[in-house]
Amino acid sequence: MKLKRLLAIAYKETLQIWRDPRSLAIALLMPLMQMGLLGYGVSLDVRHVALCVYDQENSQISRALVQDFASSNWFAVVRQLHNEAELRDAMDRSVCIGAITIASNFTRTLDSSGTASVQAIFDATDVNTTNIAIGYAQGVIALVTADFERNWLRMHGELAQTVGSVDLEPRVMFNEALDSRNFIIPGVVAVILGLVGAQLTSLTVSREWERGTMEQLISTPVTALELMIGKLMPYFIVGLVDAGFCLIAAIFWFRVPFRGAFGTLAATTMLYTLVVLGIGYLVSVRIRSQLGASQVALLLTMLPTTLLSGYTFPIDQMPHFVQMITYAVYPRYFVTILRAVFLKGSGLSELIGPILALVVFAVLIIRIAARSFHKRLDER
Amino acid sequence: MNSAQDEVVVRAHGLIRRFGSVVAVAGVNFDILRGEIFGLVGPDGAGKSTIMRMLAGVMGPDAGDIRLAGIDVVAEPERAKPYLSYMPQRFGLYEDMTVDENIFFYATLFEVPGPVRRERGAGLLEAAGLTPFRRRLAGQLSGGMKQKLGLVCALIHTPQVLLLDEPTTGVDPVSRRDFWGILYSLREQGVTIVLSTAYMDEAERCSRLALLHEGVVRYCDTPARLKQAMPGALLAVTPSPGTSARDVHAALIGAPCVLGLLLMGDHVNVRVDDAELRRADVAAWLIQHGIVNAEVCRIEPSIEDVFVALVGSQGKA
């Protein structure tokens, strides 16, 4: 291997990238756009559930109850209803996902028996959202009840000063805000890099075949290894810039807490970038048309990366044989690494498992890619 | 010829190459000596490009042997590559790079030192008339300039063998003259040149020719000896004004003394077994067929006539 020849290939490739500003702009802006789409689009949280209220009593206490719902972040009261028909209509037209009905004898029942019911109706077309919303509703009611009990005790003078209520105070770790975005965004970075990286290099060899420059290139003493490393070098820089954009967006725009070390992040990102560029190069070597190579690279990376990397669909919830398949899906290791580095502040030693897995992938893919390229016009 | 020039630089032996059921090259043999300009001549589909590709080591033969400067190209193509330069038929340089950038790129691949590259590059660009266009993108050059740039890039290192696949197809006459100027000066430096061409006038400039037809070398010799080897002699029949060469051509089909016919535009080339004997026969036959005052005279055959005579004129006449 001759360093000068390798650098000549890298220089040539850089010139070509630079002379094609449209492609470069797409390569650099696409990840940011995808970051916005996936970052905002994919959230497992339910916020501001549209709620209609049918308050038949309209007393001070019932209005306070409605206010408690409205002021929670979980619900948004979108409409006040005045009869059953309106309620039915609102549900049919999907004006709201849930409706609460407060009976006209609510305060009276509460005062006399100390307990009263609020009816909540939910549209269960989206089971997941509904389950979460019911949980939220119970939470709001629990707060109201606690408040009411305190007031009741104070008014009736019994145990008012000495009451020691036992509260269950749940504590969550790593994602204290219980914000699924913190959990998903690092995974999104891995997914986007996986898709964009393979696209970047998928054209680099097929373009030479298509434009007819390969025939003259393979008649020179350049070796397959020089060609591969030389071609990957500039794309490695582009890939790292993409990664930088995504990570900056994750930290400063989506405000995902970053607790790890920059060195760990940089080292693992470079390793992963190498793997994804290698995949694209391998496709490019095997398929001699640009369109074909780009399509195959997309097919090859899209489904495994989005479905099997565990960035949004938890791997431990998958059927056993699908879980086995995910071990071959290299983005899963980087999803694991990024989450751990971001949320737990893990260092290299804690991440040795997924890092080793990526190293194995990098070595395998680069070796196969280097051997797949033959300096021959025909495939034999 | 002295013995130094008799050194065989390229030897092809028993070359066979198939594409599916089509046999593109069907057993080709030739030796090329140092300093020769060796022409592969033949119509499209004769197997010229396939042979060039196999010589360049970018395509393997199904059978046969190629030795280039003593290296077995079939077994070890990579060892041969530093010693050869190959210019494919289709423009193979980078259109989104400038003239200078392309030269720099190929010079570096062949490990040409910087000072040598600058000096050699300047000389070649001057000879090719490309000096004013050094900063122009290769994609914005004319067809002829592109081919000349291809030659400059191929010659930026010093190859022992230069392989040119139809280098002057679509090239204007001025660029073509520059092109051949460079080739002649290369030959003086001892570079062996192998070129393929479908142009017969260009074939006459080669020092030796292989006439290729349907994947087989039908004849291989110097242009002068090839002309002598043509069976029979050649008569040119020029019709009087008012008669077209096409009519002459039509009239001569079926004449017993005619071995071959080639319509040339304003005249018809007629191949016969003996010029002196058949001149009168041809003239008599023409008069019998209503063509009077046609001028019949003996001419020297061109390579095109030889080619048609040797590979069979039936298809063309």
Side-chain angles (χ1 to χ4, degrees), chain A residues 1-25 203-231 233-234 285 288-290 370-371 373-380, chain B residues 17-20 24 49-50 52-62 73 77-98 100-114 137-139 149-150 153-154 156-157 159 161-163 165:
Chain A
M1 197 167 75
K2 293 267 170 40
L3 185 65
K4 274 197 170 177
R5 280 205 295 250
L6 190 156
L7 291 177
I9 298 279
Y11 173 66
K12 182 219 85 165
E13 209 69 27
T14 309
L15 274 180
Q16 291 189 304
I17 294 172
W18 194 249
R19 298 262 160 87
D20 188 3
R22 270 197 314 175
S23 301
L24 184 61
L203 301 181
T204 175
V205 178
S206 46
R207 190 194 299 128
E208 302 239 18
W209 285 116
E210 220 167 70
R211 293 189 184 168
T213 51
M214 189 55 96
E215 188 167 353
Q216 188 146 4
L217 189 59
I218 59 177
S219 75
T220 70
V222 72
T223 67
L225 198 63
E226 288 161 0
L227 193 67
M228 181 179 75
I229 299 175
K231 274 176 172 290
M233 272 166 57
V285 165
R288 290 188 177 185
S289 91
Q290 292 190 69
R371 284 175 184 203
F373 183 74
H374 303 292
K375 291 176 69 185
R376 291 278 181 177
L377 287 174
D378 42 353
E379 297 281 5
R380 2 185 229 177
Chain B
R17 183 64 162 90
R18 298 181 198 89
F19 294 99
S49 286
T50 307
M52 296 301 278
R53 285 171 164 171
M54 291 192 289
L55 293 180
V58 297
M59 187 180 271
D62 289 321
V73 177
E78 294 312 308
R79 261 190 69 209
K81 283 176 182 173
Y83 303 105
L84 59 88
S85 267
Y86 169 54
M87 218 178 114
Q89 189 173 357
R90 182 176 167 193
F91 183 66
L93 301 178
Y94 297 95
E95 303 210 334
D96 47 0
M97 285 167 40
T98 65
D100 268 353
E101 286 162 355
N102 271 296
I103 295 172
F104 173 79
F105 179 63
Y106 276 95
T108 315
L109 291 190
F110 283 98
E111 297 177 84
V112 178
L137 292 180
L149 174 60
C153 286
I156 195 68
H157 74 293
V161 179
L162 175 62
L163 304 168
D165 193 2

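Predicted model only: the values in this text are computed from it and were never measured.
We find the CG-OH distance between A/Leu217 and B/Tyr106 to be 5.0 Å, quoted to the nearest 0.5 Å. Summarising the geometry, atom OG1 belonging to B/Thr98 is positioned 8.0 Å from atom CG belonging to A/Leu15; distances are rounded to the nearest 0.5 Å.
Within the 4.5 Å cutoff, the side chain of A/Ile9 has heavy atoms near those of the B/Leu109 side chain. No side-chain heavy atom of B/Phe105 sits under 4.5 Å from any side-chain heavy atom of A/Thr220. Between A/Glu215 and B/Asp165, the closest side-chain pair of non-hydrogen atoms is not below 4.5 Å. By the 4.5 Å heavy-atom criterion applied to side chains, B/Met97 and A/Arg19 are counted as neighbours.
With a 4.5 angstrom heavy-atom cutoff, A/Ile218 touches chain B via backbone and side-chain atoms both. For A/Leu7, no part lies near chain B; criterion is any non-hydrogen pair under 4.5 Å. Using a 4.5 Å cut-off between heavy atoms, A/Glu208 contacts chain B through its side chain alone, with no backbone atom that close. For a residue to count as touching a neighbouring chain, one of its non-hydrogen atoms must lie under 4.5 Å from one of that chain's; by this rule B/Leu163 does not touch chain A. Looking at B/Phe19, neither its backbone nor its side chain comes within 4.5 Å of chain A, counting heavy atoms on both sides. Proximity to chain A (any heavy atom under 4.5 Å) is shown, for B/Arg79, by neither the backbone nor the side chain.
For the options B/Glu101, B/Lys81, B/Met87, B/Arg53, heavy-atom pairs under 4.5 Å to chain A are most numerous at B/Lys81. Put simply, of B/Glu78, B/Arg90, B/His157, the one with the most heavy-atom pairs under 4.5 Å next to chain A is B/Arg90.
Salt bridge annotation for B/Asp96-A/Arg211: present, with a cationic side-chain nitrogen under 4.0 angstrom from a carboxylate oxygen. By the 4.0 Å N-to-carboxylate-O rule, A/Lys4 lies too far from B/Glu111 to be salt-bridged with it.
Under the 3.5 Å distance criterion, the side-chain polar atoms of A/Arg376 are left unmatched by any main-chain donor or acceptor of B/Val58.
Taking every heavy atom of both residues into account, B/Phe110 and A/Ser219 meet most closely at CZ-O, 4.4 Å.
Between the side chains of B/Tyr94 and A/Gln216, no donor-acceptor pair of N or O atoms lies under 3.5 Å.
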